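Since this is a predicted model, take the numbers as computed values, not measurements.
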Amino acid sequence: MVTIANDFLTVDISQHGAELTSIKDNLTGRERLWQADPEVWPRHAPMLFPIVGALVDDQYHYAGKTYHMTQHGFARDRDFTIVSATPFKASLVLKDDDKTRAMYPFAFRLIITYALENNNLHVTYRVDNTDKKAPLYFSIGGHPGFQVPMTADTQFTDYYMNFKPRKSLVQIPLIAGKGVDYTHRTLAATDANLALTHETFKNDALIFAPLGKTSFNLLSDKTKHGVSVTMSDTPYLGVWSPYPKTGEFVCIEPWWGIADTIGTTGDFTKKLGINRLEPETAFEKGYTISIF
């Protein structure tokens, strides 16, 4: 476990999956991250790599071979190595090995960095293609779950969600067990507040396509406390809470990638949202969690 802290936040990070396990608000002493109840959802904030979401039949094709990989990839279940750690910042790394290459035949180095600045936690993903000849194909994303309600005197349905700036965004339907229905994407009325109920997620995650710098917020008129996730150049955002089994949390998920589309051929190089990284080059993106 690695801990970083300042006057506002104390953050714990597990080497297993480089996963956030705690974001404590130092001003109130309250835990703001979901605490992985195994009866509901046994994770806190898994990292999604080298895929986001599920593959059809948990498989894909690359260079004439078929590979198997389960939902969200393997990084969340691997042990990372600490690269550096200071009181306010920590970086952890995962590299390819025999086990990863059995399901994902690419050379890579994956570094996740967590850095505190006042009440903000900056999360940065860096992917290096360490191969000297072949391109690297991958997706990556975050999956942090935030406690809702955020105070003892409020409840789940006292909260609402919104985007800033307020504008209508493309929404992409997700058909549970089948993939995303990209051909039937719609323009969602995200220029207004979205009520938060457990039934909001009865059809699985909500998937949006943010444009430019965007903040997604969980707020309530009954408390000043909330959570904001700010991202730039992030093609997809997932919002999820379990249903019909319910938990007192909501996941806000910036994604550079997306689940397989309905009717996909399984060709990994042509997967919707896939990133192609040339030999010996790097990809670096991130987002910011603000706790208030």
Side-chain angles (χ1 to χ4, degrees), residues 46-61 69-73 125 137-146 159-218 228-244 250-276 283 285-287:
M47 171 190 254
L48 316 182
F49 178 88
I51 58 172
V52 170
L55 303 167
V56 171
D57 297 326
D58 288 337
Q59 65 181 26
Y60 67 95
H61 312 302
M69 196 185 314
T70 56
Q71 185 176 32
H72 295 322
Y125 300 137
Y137 294 91
F138 70 96
S139 298
I140 194 167
H143 201 313
F146 301 100
Y159 291 79
Y160 57 87
M161 309 173 287
N162 69 29
F163 286 92
K164 288 188 179 179
R166 289 178 178 262
K167 54 189 175 184
S168 297
L169 297 177
V170 170
Q171 184 170 355
I172 304 167
L174 176 62
I175 311 301
K178 296 184 179 180
V180 294
D181 187 3
Y182 195 71
T183 59
H184 290 93
R185 58 196 184 278
T186 59
L187 194 62
T190 46
D191 53 351
N193 293 338
L194 309 174
L196 182 61
T197 69
H198 291 297
E199 286 71 28
T200 302
F201 306 100
K202 64 182 179 180
N203 294 320
D204 214 319
L206 308 179
I207 302 175
F208 302 98
L211 297 171
K213 185 176 181 180
T214 304
S215 293
F216 187 85
N217 311 287
L218 280 173
S228 178
V229 175
T230 302
M231 64 216 81
S232 298
D233 302 320
T234 308
Y236 308 104
L237 175 74
V239 186
W240 175 79
S241 191
Y243 185 90
V250 174
C251 292
I252 305 173
E253 310 174 35
W255 296 339
W256 291 266
I258 197 169
D260 267 353
T261 52
I262 294 173
T264 181
T265 65
D267 183 341
F268 203 55
T269 67
K270 297 179 180 179
K271 177 177 169 59
L272 177 65
I274 202 73
N275 300 285
R276 176 187 167 117
F283 167 103
K285 299 290 183 181
Y287 62 95

Measuring from Ile274:CD1 to Phe268:CZ, what's the distance to the nearest 0.5 Å? 4.0 Å
Nearest heavy-atom pair of Glu253 and Gly142: which atoms, and what distance? CB-O, 3.1 Å
In this structure, CG of Asn162 is separated from CG of Leu218 (nearest 0.5 Å) by 9.0 Å
Mutual orientation of the aromatic rings belonging to Phe49 and Phe138 [parallel < 30°, tilted 30-60°, perpendicular > 60°]: tilted
ring-ring contact (aromatic ring centres under 6.0 Å, His included) with Phe208: of Trp255, Tyr236, Phe163, only one passes, and it is Phe163
Restricting to non-hydrogen atoms, name the atom on Pro50 and the atom on Gly73 that form the minimum distance, rounded to 0.1 Å. CD-CA, 4.0 Å
Heavy atoms from other residues, nucleotides or ligands near NE2 of His184 exceed 12 (cutoff 6.0 Å): no
Could you check Tyr125 against Tyr287 for side chain to side chain contact (heavy atoms under 4.5 Å, CB included), going step by step and ending with a plain yes or no? CA-CA 9 Å; Tyr125 300 137; Tyr287 62 95; 3.6 Å; yes
As a quick check of understanding, evaluate side chain to side chain contact (heavy atoms under 4.5 Å, CB included) for Ile172 and Arg185, giving each step before the final call. CA-CA 5 Å; Ile172 304 167; Arg185 58 196 184 278; 4.2 Å; yes
Atom pair OG1 (Thr234) and NZ (Lys285), whose distance is rounded to the nearest 0.5 Å: 8.0 Å
Check step by step if side chain to side chain contact (heavy atoms under 4.5 Å, CB included) holds for Arg166 and Asn193. CA-CA 9 Å; Arg166 289 178 178 262; Asn193 293 338; 2.9 Å; yes
Which residues pass the side-chain contact (heavy atoms from CB on, under 4.5 Å) test with Thr264, not counting sequence neighbours? Val56, Asp260, Thr261
Which heavy-atom pair separates Ala54 from Gln71 by the least distance, and what is that distance? N-CG, 4.0 Å
Show your reasoning for whether side chain to side chain donor-acceptor pair (under 3.5 Å) applies to Ser228 and Asn217. CA-CA 4 Å; Ser228 178; Asn217 311 287; 2.8 Å; yes
Heavy atoms only: give me the nearest Lys178-Ile262 pair and the separation to one decimal. O-CG1, 3.7 Å
Heavy-atom nearest pair, Pro254 first then Met231, reads CB-SD, 4.3 Å
For the residue pair His198 and Tyr243, what are the closest heavy atoms and their distance? O-CD1, 3.3 Å
What do you reckon, is NZ of Lys167 surrounded by more than 12 foreign heavy atoms closer than 6.0 Å? yes
Gap separating the SG atom of Cys251 from the CG atom of Leu206, nearest 0.5 angstrom: 12.0 Å
Spatial distance of atom OG (Ser139) from atom NE2 (His72) [nearest 0.5 Å]: 11.5 Å
Apply side chain to side chain contact (heavy atoms under 4.5 Å, CB included) to Ile51 and Tyr60, showing your working. CA-CA 11 Å; Ile51 58 172; Tyr60 67 95; 5.9 Å; no
Donor-acceptor pair, side chain of Trp256 and main chain of Val52, under 3.5 angstrom: no
Measuring from atom OG1 of Thr214 to atom CG of Leu237, what distance do you get when rounded to the nearest 0.5 angstrom? 8.5 Å
Short side-chain to backbone donor-acceptor contact, Lys271 and Ile258, under 3.5 Å: yes
